[in-house]
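Worksheet for the structure shown next.
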Amino acid sequence: MKDLNKQLADIKVVPVIAIKDASKAVKLAQVLIENGLPCAEVTFRTEDAALAIQYMREACPDMLIGAGTVLTSAQVDEAIKAGVDFIVSPGFNPTIVKYCQQRNVPIVPGVNNPSLVEQAMEMGLSTLKFFPAEPSGGVAMLKALSAVYPVRFMPTGGVSPSNVKDYLSVPSVLACGGTWMVPGDLIDNQQWDELGSLVRKVADIIS
Ligand code: 3PG
């Protein structure tokens, strides 16, 4: 099995996607790959999420694909069936964590304070989403948590071109997540060139 931490650390920025129409998923995946971000966290905020993951997986077998905004065990099942590499939840939900562990799929749950980090550690987790990053204290909070706990973080929520390098410079940060390079309207309108140049800008910032 591929090592998730290593893959996240190599990729550095995870595009967080809400896709309304799964028929656009393959083209979107190709634009991400061609422009230097071979990764997607497809959120279950849209009905087409599982189908989009399935299409991306079939067309791009080597792409790192996660399911985001996973809130129920049924969504975990759907995501696994569609072929995800990992699951992300916005908060720390022990039921979801346990279920992912039972099903042997990596889970990266959201935390934003010391108590939640400790509860996640108690369940054997060491890779956590720091969410919502900016409203929760940003880089300063992340540094404070990292000084205490031997865990790795994926900050998401308010990460942008102007602060992504600050987050990535914190040693405990594996990768940052964000929606800014995959705006829904560009996907809806199939503006692939514009989307490609946003993705390329991120790849340039982090290279
Ligand atoms: C997420 O689901 O991780 C967040 O909605 C992403 O936050 P952003 O839109 O501020 O990048």
Side-chain angles (χ1 to χ4, degrees), residues 4-5 7-9 11-20 25 28 31-32 35-37 39-50 52-53 56 64-72 75-76 78-79 82 84-93 96-97 100 106-113 116-117 120 125 127-142 145 151-168 170 172-188 194-195 197-203 205-206:
L4 178 62
N5 278 14
Q7 287 182 292
L8 290 173
I11 283 167
K12 296 195 185 82
V13 172
V14 175
V16 176
I17 294 161
I19 184 162
K20 291 189 199 128
L28 173 58
V31 170
L32 290 170
N35 290 283
L37 287 183
C39 179
E41 178 188 320
V42 180
T43 60
F44 271 72
R45 294 176 205 161
T46 64
E47 284 191 1
D48 268 15
I53 291 168
M56 283 182 177
L64 181 64
I65 307 176
T69 322
V70 171
L71 304 176
T72 66
Q75 289 172 337
V76 174
E78 278 186 72
V84 283
D85 297 299
F86 63 102
I87 304 274
V88 181
S89 60
F92 177 74
N93 179 338
I96 297 295
V97 171
C100 288
I107 165 80
V108 183
V111 299
N112 71 345
N113 67 46
L116 292 171
V117 174
L125 300 177
T127 302
L128 306 172
K129 171 169 163 141
F130 175 52
F131 180 79
E134 279 291 291
S136 301
V139 170
M141 179 65 155
L142 191 58
L145 293 171
V151 297
R152 307 296 300 274
F153 289 103
M154 181 166 73
T156 309
V159 181
S160 68
S162 64
N163 62 20
V164 64
K165 275 195 144 179
D166 298 333
Y167 279 101
L168 289 171
V170 180
S172 64
V173 171
L174 286 167
C176 291
T179 57
W180 81 88
M181 77 302 286
V182 277
D185 54 335
L186 294 191
I187 302 172
D188 292 346
E194 289 83 346
L195 214 137
S197 71
L198 280 179
V199 175
R200 211 160 41 246
K201 270 188 205 142
V202 180
I205 293 174
I206 61 181

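Indexing begins at 1, ligand by ligand and atom by atom, following the structure's order. No experiment lies behind these values; they were computed from the predicted model shown. No hydrogens, no waters, no symmetry mates; every other heavy atom, side chains included, goes into these values.
Around atom CD of E47, no more than 12 heavy atoms belonging to other residues, nucleotides or ligands sit under 6.0 Å away.
K20 pairs in a side-chain hydrogen bond (donor to acceptor under 3.5 Å, both in side chains) with only one of the listed residues (D188, D48, T46), which is D188.
Scored by the side chain to side chain donor-acceptor pair (under 3.5 Å) test, N35 finds R200 as partners (sequence neighbours excluded). Partners of T43 according to the side chain to side chain donor-acceptor pair (under 3.5 Å) rule, which considers only residues two or more places apart in sequence or in another chain, do not exist here. The salt bridge (charged side-chain N to carboxylate O under 4.0 Å, His left out) check on D166 picks up nothing, with sequence neighbours excluded.
Each of V16, R45, K129, F131, T156, G157, G158, G178, T179 has a non-hydrogen atom positioned under 4.0 Å from some atom of ligand 1.
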side-chain contact (heavy atoms from CB on, under 4.5 Å) assessment of F153 paired with L145: CA-CA 10 Å; F153 289 103; L145 293 171; 4.1 Å; yes
